[in-house]
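Computed over heavy atoms, backbone and side chain alike; hydrogens, waters and symmetry mates excluded.
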Amino acid sequence: LIIRMKKADQSEGLVPTHDKPEVIEKLVQYINSYYREKHSPTDYADLLNVPAATLGSLVKKYFDKTLTTLISDRIMVEAKRELYLTSKSVKEISFLLGYKDEYYFSRFFKRHAGISPSIYRKTVGFAKLEQ
């Protein structure tokens, strides 16, 4: 009975409905704020006080991606931006993005972009403008 009443109220516009739960909205804010320091799904689950499995299933439902992919995508956006717009070394960019080992960052970048950071910069980035 209560579920029917709630559905009726929602259809009449009495109870606000949101496309995404508050947890998902906060997650997106946290990823945009902490992607440089926090790279694992458990870090974000701890920030939100939600079990990692629950958060993972919510992310899969609303983004059709895993939480790891969502975090990696944000890191890649920033890495590509830095490679494209700045003349910082790959080592500086890797440190800026929270990677202590530039070689690990290079492998991460190559796995996601299909090419190494230095080749990406030469073909797409700032270095191409200097030629």
Donor-acceptor under 3.5 Å (H112 side chain, T69 main chain):
no
How close do L55 and V50 get, heavy atom to heavy atom, and via which atoms?
N-CG1, 3.9 Å
Rounded distance (nearest 0.5 Å) linking atom NE2 of H39 with atom CD1 of I75:
4.0 Å
Can you tell me how far apart CD (Q29) and CG (L47) are? Round to the nearest 0.5 Å.
12.0 Å
Applying the 4.5 Å side-chain criterion to the ILVMFWY set and letting contacts propagate, would M76 and L85 be lumped into a single cluster?
yes
Cluster link I119 to Y104, ILVMFWY, side chain under 4.5 Å:
yes
Measure the shortest side-chain to side-chain distance between I93 and R81 over non-hydrogen atoms and say whether it is less than 4.5 angstrom.
no
When the ring planes of Y120 and F109 are compared, do they come out parallel, tilted or perpendicular, using 30° and 60° as the limits?
perpendicular
Report yes or no: does Y44 contribute a side-chain atom to a donor-acceptor pair with the main-chain N or O of K38 at less than 3.5 Å?
yes
Say whether, by atom type as modelled, one donor and one acceptor occur between the side chain of R74 and the main chain of V28 under 3.5 angstrom.
no
Quick one, F105 and K91 - any side-chain contact, counting heavy atoms below 4.5 Å?
no
Min side-chain heavy-atom separation S106-P117 under 4.5 Å
yes
Gap separating the CZ atom of R121 from the OG atom of S89, nearest 0.5 angstrom
7.5 Å
Joint hydrophobic cluster, L27 plus V77, side-chain heavy atoms closer than 4.5 Å:
no
Counting heavy atoms not belonging to F63, are there more than 12 under 6.0 Å from its CZ?
yes
Between atom CG of L67 and atom NZ of K60, what is the distance when rounded to the nearest 0.5 Å?
11.5 Å
Walk me through whether T66 and T68 qualify under side-chain hydrogen bond (donor to acceptor under 3.5 Å, both in side chains).
CA-CA 5 Å; T66 64; T68 303; 4.7 Å; no
Here the pair of heavy atoms bringing E78 nearest to R36 is OE2-NH2, 3.3 Å
Count the heavy atoms belonging to other residues, nucleotides or ligands that lie under 6.0 Å from CD of E22, then report whether that count exceeds 12.
no
Quick check: do D43 and Y34 have side-chain heavy atoms less than 4.5 Å from each other?
no
Identify the heavy atoms of K80 and A113 that sit nearest to each other, and give their distance.
CE-CB, 4.3 Å
Where is the tightest heavy-atom contact between S57 and T54, given as atom of each residue plus distance?
OG-O, 2.8 Å
Could you tell me if the side chain of T86 sits less than 4.5 Å from the side chain of E92, heavy atoms only?
no
For the residue pair K65 and D73, what are the closest heavy atoms and their distance?
NZ-OD2, 2.7 Å
Before you tell me yes or no, could you show the steps for E82 and L97 under side-chain contact (heavy atoms from CB on, under 4.5 Å), namely the whole-Å CA-CA distance, both residues' side-chain angles and the distance that decides it to 0.1 Å?
CA-CA 10 Å; E82 289 290 329; L97 294 175; 5.7 Å; no
Within a strict 4.5 Å, meaning less than it, do heavy atoms of the S72 and F108 side chains meet?
yes
Hydrophobic clusters here meaning ILVMFWY residues chained together by side-chain heavy-atom distances under 4.5 Å, can you tell me if I115 and Y99 are in one?
yes
First locate atom CZ of R107, then atom CD of E102, and finally report the distance between them rounded to the nearest 0.5 Å.
11.0 Å
Nearest heavy-atom approach of S118 to V90 is N-CG2, 4.5 Å
